[in-house]
Amino acid sequence: MIKNNQYKFSFGPWNISEGYDPYGPATRPPQAFDWKLGKLKEIGFDAMMFHDDDAIPDLDSKSPEQIRKGAKELKRKLDDAGILAEIVAPRLWFSPMTIDGGYTSNDPKARKYAIERSKKCIDIAKILDCSLIVLWLAREGTYIRESKNCRTSTDYLAEAIDKMLAYDKKIRVAIEPKPNEPMDHAYIPTMGHAMAIAFKTSDPKRVGGLVESAHAILAGLDPADEMEFAISYGKLWSVHLNDQNGLKFDQDKPFGSNNLRSAFNQVRVLERNNYGSKGECVAFDVHSFRSTKEEHCVDHLSNSRDTFLRLVEKVRSFDNAKAQTLIADRNYQALDQMVIEHLLGK
Ligand code: GLO
Ligand code: MG
């Protein structure tokens with residue numbers, strides 16, 4: 001394990017997964033939550049991400065009292081392990097109520113369900129001492145564009161966020177944009193959309209963004225630029241580092257697996273902006289390859305962390321003064337080669 005005393009690392013229970021895909025069943029046995037928590041600590045991570053129902057399984061069938069009790073038990077477990085809860089995200093894409101989306105569903109009952117569920121998510125986050133609610137807007141989009149109206153949907157999304165902000169004055173909401181999958185088109189596909197919707201809400205200071213590398217690539221954008229764009233608004237509140245080989249299904253490959261240079265540039269942006277200094281975590285939203293054996297089922301996480309820390313060293317040893325001279329001379333040809341040679345270790 002590479003030593004680290006600057007960055008706080010995080011992953012979610014779903015990142016230790018069983019290997020099923022739309023074409024075949026699991027290839028690894030499920031692991032219990034306590035086992036995952038133990039592993040998280042063992043491989044040098046500091047925080048855990050949660051969906052509301054990772055924290056409280058079968059959330060919809062539980063009473064407020066049961067939810068409170070379960071959340072307190074979980075908080076005790078995390079405290080005993082010395083692990084923080086980084087985020088809590090309402091999982092609005094599993095329920096039969098959200099088949100047509102949550103906040104943007106055409107059915108008012110479904111929209112109401114989505115808000116109520118988001119409030120439960122906030123209740124859980126409060127007990128876990130976590131102020132960051134993440135919205136990955138999985139089904140807030142369309143399969144066919146004629147089925148919804150973008151203007152109405154945008155208003156619904158801003159209204160839903162307003163209701164969350166009003167429900168608790170301390171929470172902040174980070175939107176995790178993704179252009180597609182499971183939908184054909186999603187309503188908040190990029191960080192630009194996320195920033196814009198923040199300013200449509202009643203308290204823009206409390207609405208920000210989370211960049212996932214793979215999602216930016218799926219939108220045809222550069223993950224490092226998506227991050228620094230949010231940073232320019234003071235709104236990069238988390239990152240889901242991973243990798244993606246072009247325009248395919250969302251692959252959630254280990255960080256740096258596909259494009260080491262892009263990974264270097266993402267770390268460079270985080271470093272030069274002092275990311276982490278306000279408590280932000282570096283989260284890896286990565287998955288094992290389906291072929292991975294049980295005994296290697298957390299290697300994608302520890303490898304991503306190691307790659308990140310190796311790239312921090314690469315960023316720090318990059319000759320910025322020389323790069324500036326080449327930039328001043330408009331010699332991007334030499335700058336390009338300088339980056340390549342630096343990454344090659346020459
Ligand atoms: C899927 C998303 C998903 C979210 C998670 C937390 O594409 O990346 O894993 O990050 O639900 O909001
Ligand atoms: Mg993600």
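One-based numbering, in listed order, for ligands and for the atoms of each. The first residue of the sequence shown is numbered 1, and numbering continues consecutively from there. Side chains included, hydrogens not; waters and symmetry mates left out as well; all remaining heavy atoms used.
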* Could you check whether the rings of Phe284 and Phe308 sit parallel, tilted or perpendicular, using 30° and 60° as the cut-offs? =>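 Phe284 and Phe308: perpendicular rings.
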* Asked: Trp14 vs His51 aromatic rings, parallel, tilted or perpendicular, using cut-offs 30° and 60°?
  ->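 Tilted, since the angle between the ring planes falls between 30° and 60°.
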For ligand 1, note which part of [X] has a heavy atom under 4.0 Å away: side chain, backbone, both or neither.
| X | value |
| --- | --- |
| Glu181 | neither |
| His240 | side chain |
| Arg91 | neither |

Just which atoms of ligand 1 are under 4.0 Å from any heavy atom in [X]?
| X | value |
| --- | --- |
| Ala89 | 12 (O) |
| Lys178 | 1 (C), 7 (O) |
| His51 | 5 (C), 6 (C), 11 (O) |

* Flag yes if more than 12 heavy atoms outside Arg28 fall under 6.0 Å of its CZ atom; otherwise flag no. =>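 Atom CZ in Arg28 is crowded, with more than 12 foreign heavy atoms closer than 6.0 Å.
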* Asked: Which heavy-atom pair separates Met48 from Phe33 by the least distance, and what is that distance?
  ->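 Met48 and Phe33 have their closest heavy atoms at SD-CE1, 3.4 Å.
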* Trp93 to ligand 1, any heavy atom closer than 4.0 Å ->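 Yes, Trp93 has heavy atoms under 4.0 Å from ligand 1.
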* At the 4.0 Å heavy-atom cut-off, does His215 count as touching ligand 1? ->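 The answer is yes: ligand 1 sits under 4.0 Å from a heavy atom of His215.
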* Asked: Counting only N and O atoms by type, is there a donor-acceptor contact under 3.5 Å from the side chain of Arg206 to the main-chain atoms of Lys169?
  ->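 The answer is yes, because a donor-acceptor pair under 3.5 Å joins these two groups.
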* Starting from atom 12 (O) of ligand 1, find the nearest protein heavy-atom neighbour and note its residue, name and distance. =>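 It is Glu176 OE1, 3.3 Å.
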* **Nearest-contact summary for atom 8 (O) of ligand 1 - protein heavy atom, Å** =>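 It is Glu212 OE1, 2.7 Å.
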* To do: Apply side-chain contact (heavy atoms from CB on, under 4.5 Å) to Arg111 and list each qualifying residue two or more places apart in sequence or on a separate chain.
  =>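 Checked Arg111 against side-chain contact (heavy atoms from CB on, under 4.5 Å); matches are Ser105, Pro108, Tyr156.
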How far does [atom1] of [X] sit from [atom2] of [Y], to the nearest 0.5 angstrom?
| X | Y | atom1 | atom2 | value |
| --- | --- | --- | --- | --- |
| His193 | Leu137 | NE2 | CG | 12.0 Å |
| Ile43 | Arg305 | CD1 | CZ | 8.0 Å |
| Tyr103 | Ser153 | OH | OG | 14.0 Å |

* Shell of protein N/O/S atoms around the Mg ion (ligand 2), taken as anything under 2.8 Å ->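 Listed by chain and number, the nearby protein N, O or S atoms are Glu176 OE2, Glu212 OE1, His240 ND1, Asp285 OD2.
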* To do: Could you pull out, from Ile87, Val134, Asp285, the option with a heavy atom nearest to atom 3 (C) of ligand 1?
  =>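 It is Asp285 whose heavy atom sits nearest to atom 3 (C) of ligand 1.
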* To do: If a pair satisfies side-chain hydrogen bond (donor to acceptor under 3.5 Å, both in side chains) and one of its residues is in residues 121-134, list it, with sequence neighbours excluded.
  =>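 Applying side-chain hydrogen bond (donor to acceptor under 3.5 Å, both in side chains) to every pair that reaches into residues 121-134, excluding sequence neighbours, yields Asp123-Tyr167, Lys126-Asp168.
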* **Partners passing salt bridge (Lys or Arg N to Asp or Glu O under 4.0 Å) against Lys36 (at least two apart in sequence or in another chain)** =>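 Salt bridge (Lys or Arg N to Asp or Glu O under 4.0 Å) check on Lys36 returns nothing, list empty.
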